[in-house]
Amino acid sequence: MPPATAVSSPGKVLLAGGYLVLDPKYSGVVVATSSRFYTVVAALPASAARTQGPVQIRVRSPQFVDATWLYLVHVDQTGVRVEQAADESVTSTKNKFVQLALQETLRLVWEAKGPQDLRDSLATGLDVTIAGDNDFYSQRAQLANRKLPPTLASLAQLPPFLHTGVRLPEVHKTGLGSSAALITSLVSALLLHLGAIPRDSFAAADGLASASDGRKLAHNVAQYVHCLAQGKVGSGFDVSSAVFGSQLYTRFDPQVLQPLMENHLESVQSLSRILSPSNPAWDYRVAPFRLPPHTRLMLADVDAGSDTPSLVGKVLKWRKERPAEADALWETLNAHNQALSRVLLKLSDLAAAQSELYAVVVRYLASLQSAQWLAHPNIPTDKLKIIEAFAEAHQLTEAIRARMREMGTAAGVPIEPPEQTALLDGCGAVAGVIGGGVPGAGGYDAIWVLVFDPAGIAAEELPSRRVEAQWQSWTALSVSPLSAGESAAKGVRVEELGAVPGLGALVAQ
Ligand SMILES: Nc1ncnc2c1ncn2[C@@H]1O[C@H](COP(=O)(O)OP(=O)(O)OP(=O)(O)O)[C@@H](O)[C@H]1O
Ligand SMILES: C[C@@](O)(CCOP(=O)(O)O)CC(=O)O
């Protein structure tokens with residue numbers, strides 16, 4: 001039995017491609033966030049282990065009230081079954097995301113390694129701790145309790161993995177994809193801990209080209225479990241970015257999961273055959289994407305909240321009823337989305353080719369509103385190339401917002417409702433803002449704003465400070481910043497328990 005296995009995976013922001021990414025004809029621009037979800041799998045302490053009968057798996061979410069689940073694992077020659085145990089020391093509430101992740105991952109291991117090997121790997125039982133960075137859950141109440149204003153500096157003062165003080169169903173989630181990151185980290189940690197994939201499966205760099213079969217298997221299992229738990233097959237962009245990091249994502253054919261979604265408890269076919277990385281039916285595509293250097297993605301949790309499945313249902317209903325209008329709009333929107341991805345990647349290339357010049361241009365643009373960037377009459381050609389690329393990125397974010405508003409009006413859903421339009425236009429008028437939008441399905445949940453983040457200028461001169469001031473003064477909507485931005489090391493990765501502030505203490509609780 002290996003020592004504890006710690007794995008993390010990032011949250012997500014769908015910058016462009018909401019709704020379109022449900023159709024494999026189109027791709028979505030996904031940013032993996034610096035905020036991550038952690039799973040630690042260890043052997044159940046001997047004191048808590050059962051000497052006979054089914055093996056126990058205890059799962060704890062120390063950030064929540066009444067969030068310890070106990071499962072009994074029955075392994076025999078016919079298969080493996082995971083049932084929740086009734087015990088006064090644990091919660092009786094159900095968590096289908098956790099239970100299905102355990103159930104289906106153990107089923108896969110049973111098939112791959114056989115009952116005896118699985119039983120040996122489970123040994124005296126497992127003790128699983130799961131925790132999300134503070135950003136996954138609104139910290140408004142915690143900041144108010146500490147009499148701190150809703151700013152990035154205040155969020156930085158909060159201890160990591162802060163207790164929410166509530167039960168899971170009561171928490172205000174912030175839209176970073178907690179379930180996708182939870183399931184990806186839990187499935188990956190179990191596959192590693194139980195020896196179903198090599199220990200170095202997540203060692204390689206991000207992206208699909210260099211991905212090991214172990215990472216690809218973790219992806220397929222996490223996509224399957226996430227769809228099962230959510231009861232629908234979404235585009236899967238959130239699990240894909242949790243596994244492979246920031247990317248240009250094109251969805252897999254939902255048919256690959258249909259046999260399992262309909263009667264997953266029956267052994268319709270072997271799980272390992274359907275979920276295998278060599279199954280060509282997993283035809284998702286992951287192309288490299290990253291934000292340009294010296295820029296910062298700012299995310300805000302907007303209090304009102306939206307029901308994504310309802311928005312999706314109405315938009316797809318509109319697309320079915322008015323196919324010609326919808327396809328024309330989606331083709332235009334997709335062209336803008338792909339152009340945005342290309343120009344942001346081009347800026348990374350320009351920065352790599354002329355890093356000093358690029359840094360000078362960023363410092364210059366950071367002090368100007370976008371309308372002023374090209375106003376100067378004699379801009380030298382080499383600087384002009386960079387400025388024009390940023391100006392194109394700005395125009396594309398505005399064009400994407402306009403098309404998303406148009407889709408909302410046509411489908412009768414608040415994709416970028418007037419209050420969000422006013423907020424985003426207000427942000428766009430701030431010096432140093434490149435662009436912004438409503439992430440994913442839109443609505444009232446959140447906004448993203450991409451700002452210049454030049455090195456070597458006074459903190460109070462940073463565009464992020466100016467945007468924060470804008471958010472604090474905004475009255476039409478309650479706007480609270482998240483600390484998340486794009487993560488440097490992006491997809492699912494193995495963690496050193498002692499290297500993650502606060503995680504060891506959480507596990508030891
Ligand atoms: N720390 C946690 N411990 C256990 N389960 C969790 C935790 N965080 C989230 N979950 C599970 O994930 C579920 C949320 O998944 P759901 O699909 O409803 O939201 P989501 O789209 O992932 O939300 P968001 O994107 O806002 O994070 C919760 O109901 C809970 O079951
Ligand atoms: C609307 C959709 O395309 C994106 C939803 O994104 P988000 O949950 O609002 O971040 C749905 C999907 O891709 O599964």
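Indexing begins at 1, ligand by ligand and atom by atom, following the structure's order.
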Colleague: Please work out, at 4.0 Å between heavy atoms, whether the side chain, the backbone, both, or neither of Leu22 comes within that distance of ligand 2.
Modeller: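 For Leu22, only side-chain atoms sit under 4.0 Å from ligand 2.
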Colleague: Checking side-chain polar atoms at under 3.5 Å, does Ser246 have a donor or acceptor matched by the opposite partner on Glu486?
Modeller: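 On atom types as modelled, these side chains qualify, holding a pair under 3.5 Å.
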Colleague: Could you tell me if the side chain of Phe136 sits less than 4.5 Å from the side chain of Val171, heavy atoms only?
Modeller: no
Colleague: Would atom 11 (C) of ligand 1 count as contacted, meaning some protein heavy atom under 4.0 Å?
Modeller: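 Under 4.0 Å from atom 11 (C) of ligand 1, at least one protein heavy atom found.
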Colleague: Output yes when Asp23 and Arg251 qualify as a salt bridge under the 4.0 Å nitrogen-oxygen rule, no when they do not.
Modeller: no
Colleague: Would you mind running through ligand 2 and noting each atom that sits below 4.0 Å from a heavy atom of Gly440?
Modeller: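 Checking each atom against Gly440, I get 6 (O), 7 (P), 9 (O), 10 (O).
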Colleague: Regarding Ser8 and Glu495, is there a side-chain donor-to-acceptor distance under 3.5 Å anywhere?
Modeller: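 A donor-acceptor contact under 3.5 Å links the two side chains.
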Colleague: For atom 3 (N) of ligand 1, find the nearest protein heavy atom and state the residue, atom name and distance (0.1 Å precision).
Modeller: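 Closest protein heavy atom to atom 3 (N) of ligand 1: Ser61 OG, 2.7 Å.
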Colleague: Report yes if Ala441 has an N/O atom closer than 3.5 Å to an N/O atom of ligand 2; otherwise report no.
Modeller: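 Yes, Ala441 has an N/O under 3.5 Å of an N/O on ligand 2.
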Colleague: Nearest non-hydrogen atom to atom 4 (C) of ligand 2 belongs to which of Leu14, Val13, Val315, Leu316?
Modeller: Leu14
Colleague: Measure the distance from atom 5 (N) of ligand 1 to every protein heavy atom, then report the residue, atom name and distance (to 0.1 Å) of the closest one.
Modeller: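 The closest one turns out to be Asn95 ND2, 3.1 Å.
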Colleague: Just wondering, more than 12 heavy atoms not from Glu496 lying within 6.0 Å of its CD?
Modeller: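 Incorrect, the count does not exceed 12.
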Colleague: Which of the atoms in ligand 2, numbered in the order shown and given with their element, are less than 4.0 Å from a heavy-atom of Val312?
Modeller: 1 (C)
Colleague: May I ask you to say whether Asp238 pairs ionically with Lys12, meaning some side-chain N is under 4.0 Å from a carboxylate O?
Modeller: no
Colleague: Using a 4.0 Å cutoff against the non-hydrogen atoms of Val21, which atoms of ligand 2 qualify?
Modeller: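 Checking each atom against Val21, I get 3 (O), 13 (O).
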Colleague: Is any NZ, NE, NH1 or NH2 atom of the basic residue among Asp301 and Arg140 found under 4.0 Å from an Asp or Glu carboxylate oxygen of the other?
Modeller: yes
Colleague: Closest non-hydrogen protein atom to atom 14 (O) of ligand 2, residue and atom name please, with distance?
Modeller: Ser235 N, 3.0 Å
Colleague: Where does Asp238 meet ligand 1, judged by heavy-atom distances below 4.0 Å: at the side chain, the backbone, both, or neither?
Modeller: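 The answer is neither; Asp238 stays 4.0 Å or more away.
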Colleague: Which heavy atom of the protein is the closest neighbour of atom 29 (O) of ligand 1, given with residue, atom name and distance?
Modeller: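 Looking only at protein heavy atoms, the one closest to atom 29 (O) of ligand 1 is Phe97 CE1, 4.3 Å.
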Colleague: At less than 4.0 angstrom from any non-hydrogen atom of Tyr19, what atoms of ligand 2 do you find?
Modeller: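 Every atom of ligand 2 under 4.0 Å from some heavy atom of Tyr19: 1 (C), 2 (C), 3 (O).
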Colleague: If the contact criterion is a heavy-atom separation under 4.0 Å, does Phe136 count as touching ligand 1?
Modeller: no
Colleague: Mind telling me whether Phe161 and Tyr38 have parallel, tilted or perpendicular rings, with 30° and 60° as the class edges?
Modeller: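 Ring orientation, 0 to 90° scale: perpendicular.
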Colleague: Could you check whether Asn334 and Gln338, counting side-chain N and O atoms only, form a donor-acceptor pair closer than 3.5 Å?
Modeller: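 Short answer, yes.
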Colleague: Give a yes or no on whether a salt bridge exists between Asp425 and Arg401, defined as a side-chain N under 4.0 angstrom from a carboxylate O.
Modeller: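 Looking at Asp425 and Arg401, the cut-off is met.
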Colleague: Quick one: nearest non-hydrogen protein atom to atom 8 (N) of ligand 1, plus distance?
Modeller: Tyr137 OH, 2.8 Å
Colleague: Looking only at protein heavy atoms, which one is nearest to atom 25 (O) of ligand 1, and what is the separation?
Modeller: Gly177 N, 2.8 Å
Colleague: Could you pull out the closest heavy-atom pair between Ser34 and Ser483, with the gap in Å?
Modeller: OG-O, 4.2 Å
Colleague: Heavy-atom distances under 4.0 Å decide this one: backbone, side chain, both or neither, for Leu182 against ligand 1?
Modeller: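 Within the 4.0 Å criterion, Leu182 contacts ligand 1 through side-chain atoms alone.
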Colleague: If you measure from atom 15 (O) of ligand 1 to every heavy atom of Pro169, Ser179, Gly234, Ala229, which option wins on shortest distance?
Modeller: Ser179
Colleague: Report yes or no: do Ser138 and His172 form a side-chain donor-acceptor pair below 3.5 Å?
Modeller: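 Per modelled atom types, Ser138 and His172 side chains form no pair under 3.5 Å.
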Colleague: Looking only at N/O atoms, are Trp69 and ligand 1 under 3.5 Å apart anywhere?
Modeller: no
Colleague: Closer than 4.0 Å to some heavy atom of Gly234 - which atoms of ligand 2 meet that?
Modeller: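 Result: 14 (O).
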Colleague: Would you call Gly175 a ligand 1 contact, heavy-atom distance under 4.0 Å?
Modeller: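 Heavy atoms of Gly175 do come under 4.0 Å of ligand 1.
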Colleague: In the protein, which heavy atom is nearest to atom 23 (O) of ligand 1, and how far is it?
Modeller: Lys173 NZ, 3.1 Å
Colleague: Relative to each other, are the rings of Phe64 and Tyr137 parallel, tilted or perpendicular (30° and 60° limits)?
Modeller: perpendicular
Colleague: Against heavy atoms of Phe64, which atoms of ligand 1 measure under 4.0 Å?
Modeller: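 Near Phe64, the atoms of ligand 1 are 1 (N).
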Colleague: Around atom 9 (C) of ligand 1, find the nearest protein heavy atom and jot down its residue, atom name and distance.
Modeller: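 Going atom by atom, the protein heavy atom closest to atom 9 (C) of ligand 1 ends up being Ser178 OG, 3.7 Å.
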Colleague: Does the pair Arg36/Asp133 count as a salt bridge with the N-to-O cut at 4.0 Å?
Modeller: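 Between Asp133 and Arg36 there is no salt bridge, as every charged N stays at least 4.0 Å from the carboxylate O atoms.
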Colleague: Got the closest protein heavy atom to atom 21 (O) of ligand 1, with its distance?
Modeller: Gln230 NE2, 4.0 Å
Colleague: Please confirm whether Lys12 approaches ligand 2 to less than 4.0 Å, judged on its heavy atoms.
Modeller: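 The answer is yes: ligand 2 sits under 4.0 Å from a heavy atom of Lys12.
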Colleague: Are any of the side-chain nitrogens in Glu331 or Lys25 under 4.0 Å away from the carboxylate oxygens of its partner?
Modeller: yes
